[in-house]
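For reference, the structure is listed below as structure tokens.
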Amino acid sequence: MLARLNRKFGYDERSAAILVFPVVAVLLVVAAYPILYSFWVSLHDIVLTRPLRRPFVGGDNYLRIFGDERFWLAVSRTTVYTVVTVVVTTVLAVLVALLLNETFPGQRILSAVLLVPWATPSVVNGLMWKWIYDPTYGLLNALLLKVGLIERYRAWLGDPDLTLMLIANAAVWKQMPLAALLLIVTMKAIPDDLYRAAKVDGANVLQRFVHVTLPALRPGLMLVLVYETMISIRHFDLFLIMTQGGPGDASFTLSWLIYVETFRSLRFGTGAAMSYVLAMATFLLSWAVIRWLGKRI
Amino acid sequence: MQPIASPLTRRRLLAGAAGAPALLAGLSGGDAAAQSGGTVNFIGWSAAVDQVRAQISAFERATNVRVNYENFPWAQFRTALVTRLVGNAPIDVSWISDAWLPEFVEAGWLADINDIPQLMRYNADAADYCTQSMVYRGKQYGLAYYGDHMSFMYNTELLERAGITTLPTTWEEVVQQSLRIKQQGIVEFPLLLSLAADTWLIEFVSALTYAFGGRMVDDAGNAVMADANRGAVRAARFIREAIATHRILSPGAVETGEINGLRAMGSGQHAFAIVPTYRIRALNDPSQASAAGKIRIALMPKGGPDGTNNTLGWIRFYGMTPAAKADRARRERAVRFMEFFGGRDTGGNYSMQKLLLTDVGLPSCALPVNQDADVTAFWNRWAGGGAVIAQQAMLAKKKDTIAPWFGEWVETSNQAWQAVCLGRAEPEAAMRTAAAKWTELRRAFR
């Protein structure tokens, strides 16, 4: 058997296999096994506070999720949040990238400052924005009162019509710099000849952006859209710190629902099933974005 | 003969590194075993940590039993404890909330102490309400850590400035006095209720429900919270009107947690509030609150036509795991620990109960503690006397929603109450939602 393997695979292939094996083994233990095990869990009615019973229920957990109105509420909240966060982040990132792609005094300093929000830990970001929105001592209230836009302090995060947008704002503030950075890298790779040729053809600034910059940005945009979608759809930390899903159900997103189901209600079976649904949704969305933009590259 | 020194090879280094922890563990374990009478594994939440550590030191000195003490933030404690219990972590004693008692007993995570006279004898000294809060299906599952209740607090300075000389005895009077304070421009939101959707919300709304003569669940376990006359609807409507109609309660109440509420009351921004009694010390401590010295406690006002002075009481207690009880040596150590912390120490004193009260303000379930001169001095100093607190304690009722499915139900309940606060649901509809979830979970549990 060993001799046959030796004959089939050369020294280099055998060496490569031996060298790769530890990483594969680690990945199997820390990635593949938990993924498969959590799927197994999602097929059982596991409630931690009822440890003596864990019946196999097959796809019932998935059916239960789809019949749960909280799930569809969370889907709608997640969709709104994701769309707003991704669109605003991408548009702002394009604008910032266009600005920083130009040469002007202080450009390097501005580029460095831009990275500060991205370097800020997520938890710190959440706490900072919670402080800014605070109804009694928040900076936003003080600022708006000073410029006369409000007459009295408001409970911003206590307003269910605003909560999701305010959290999205905090997310955009943190995520936009990285997106801008990725787009700047793509912009730097656009040959100047294209712009010169467009100018010769009489294209104005807007036309050069639409017909030269934007098509060339597609690889970077695809990366940004996929990355931001994956991040936004699974966002959790801001919701935990800023609103805990509230007020009421105003910020009840899928990630929050999974947290509540798994770690508060301790229903690990349905929690795992919801996680799978979220993972599949993320995968399909990313695949769709790649297919859609990929065809245009 | 072995060489005095040998070259340090990679193999030797790895062997040494692998063996070192085992060697250290063996040394420390042997050392500990030689010096102590075993170990108690105790887990609690991150409260009164300094006092617990001090008592642990006293316990270790007095008994020669070591204590492994772990603590987690309250907000994550239930999950942390459950995951450890499911994973068969070696826990002997844990702090338990009365809200989790049925759930934990049904899961087989708590051992009863009915057959341990050394602990049961403390019932003779304990407030009956405390003892009953540790009983489930006729068996008692622990010894009290502390017992407290929701109190109605007021700011004497704000009332004086508004010319209010008589304390409100009904919630209708609270509204009238709040409006008077508001109209005089003293503060914008005279009433403070912490209604963030966290673990405290059910405690606040239950207290208000009792004051309005209502209940969440009847004695038979049926959800009655949606009943217009004997449920929680009146209390829910009061909150809604306080926010939307009278504007005496901030709409920001839905994002005000218990701690932030405490800070707001301490800053002198509110005239009336419902606050856990043990917070009175912090509220009257000049180093923690600018309104210090001005916060006092009155009897819970009555609400509506069937109002009562009742309030919500709760208890936290020391519970023993079945695994600890099943092992004779572990059980002996755990019992000694529970007695030392929840009962009398080896000197015959309620030292932990007294320490918690005089240091942190946590009221004790042990009645003799309240006779202590230091405790009387404590209440006089921080609350202007303890008479009202004692009177209110007698009117405290435990949560009627305590059931094996409480942990799941309370998520729906919290959302229902917040929907009322936000005007997203009528009180009746919101309470019907909470009641329907209760009934669904109750059926599923059977």
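For the numbers below, each heavy atom of this structure counts, side chains included, while hydrogens, waters and symmetry mates do not. Predicted model only: the values in this text are computed from it and were never measured. Below, read A as the first sequence line, B as the second, and so on, with proteins coming before strands; counting in each chain starts at 1.
The contact between B:Glu411 and chain A is made entirely by side chain atoms (from C-beta outward), counting heavy-atom distances below 4.5 Å. Heavy atoms of B:Phe104 lying under 4.5 Å from chain A are absent altogether. Heavy-atom distances place the side chain of A:Arg267, and not its backbone, under 4.5 Å from chain B. Contacts of A:Tyr153 with chain B are absent, with no heavy-atom separation under 4.5 Å from either backbone or side chain. Contact annotation for B:Leu441: only side-chain heavy atoms (C-beta onward) come within less than 4.5 Å of a heavy atom of chain A. There is no contact between A:Arg53 and chain B, counting heavy-atom distances below 4.5 Å. Only the side chain of B:Glu188 comes within contact range of chain A, with heavy atoms under 4.5 Å apart.
In terms of heavy-atom proximity, A:Leu48 sits nearest to B:Val86 at O-CG2, 3.8 Å. A:Ala155 approaches B:Pro251 most closely through the heavy-atom pair CB-C, 4.4 Å. Of all non-hydrogen atoms in B:Leu422 and A:Gly248, the two that sit nearest each other are CD1-N, 3.6 Å. Contact between B:Trp109 and A:Thr49 at its shortest, heavy atoms only, is CH2-CA, 3.6 Å.
Counted within 6.0 Å of CZ on A:Phe66, heavy atoms from surrounding residues, nucleotides or ligands total more than 12; the atom is thus considered enclosed. In the displayed structure, B:Glu241 atom CD is contacted under 6.0 Å by more than 12 heavy atoms of other residues, nucleotides or ligands. Around atom OH of A:Tyr37, no more than 12 heavy atoms belonging to other residues, nucleotides or ligands sit under 6.0 Å away. Within 6.0 Å of the CZ atom in A:Arg70, the count of heavy atoms belonging to other residues, nucleotides or ligands exceeds 12. Counted within 6.0 Å of CH2 on A:Trp118, heavy atoms from surrounding residues, nucleotides or ligands total 12 or fewer; the atom is thus considered open. Surrounding CZ of A:Phe236 are more than 12 heavy atoms belonging to other residues, nucleotides or ligands, all under 6.0 Å away. More than 12 non-hydrogen atoms from other residues, nucleotides or ligands lie less than 6.0 angstrom from CZ of A:Phe56.
Between the CG atom in A:Asp134 and the OG1 atom in B:Thr256 there is a gap of 8.5 Å [rounded to 0.5 Å]. The CZ atom of B:Arg78 sits 4.5 Å away from atom CG of A:Leu266, with the distance rounded to the nearest 0.5 Å. Taking CD of B:Gln418 as the start and CD of A:Gln244 as the end, the distance is 10.0 Å to the nearest 0.5 Å.
Between B:Glu255 and A:Lys130 there is no salt bridge, since no side-chain N of the basic residue sits under 4.0 Å from a carboxylate O of the acidic one.
For the pair B:Val410/A:Arg264, no side-chain contact is recorded, criterion being any heavy-atom separation below 4.5 Å from C-beta on.
Residues satisfying the ring-ring contact (aromatic ring centres under 6.0 Å, His included) criterion with A:Tyr276, sequence neighbours excluded, are A:Phe39.
Comparing A:Thr136, A:Leu52, A:Asp161, A:Asp159 by heavy-atom pairs within less than 4.5 Å of chain B, the highest count is held by A:Asp161.
Among residues 260-272 of chain B, no residue has any heavy atom closer than 4.5 Å to a heavy atom of chain A.
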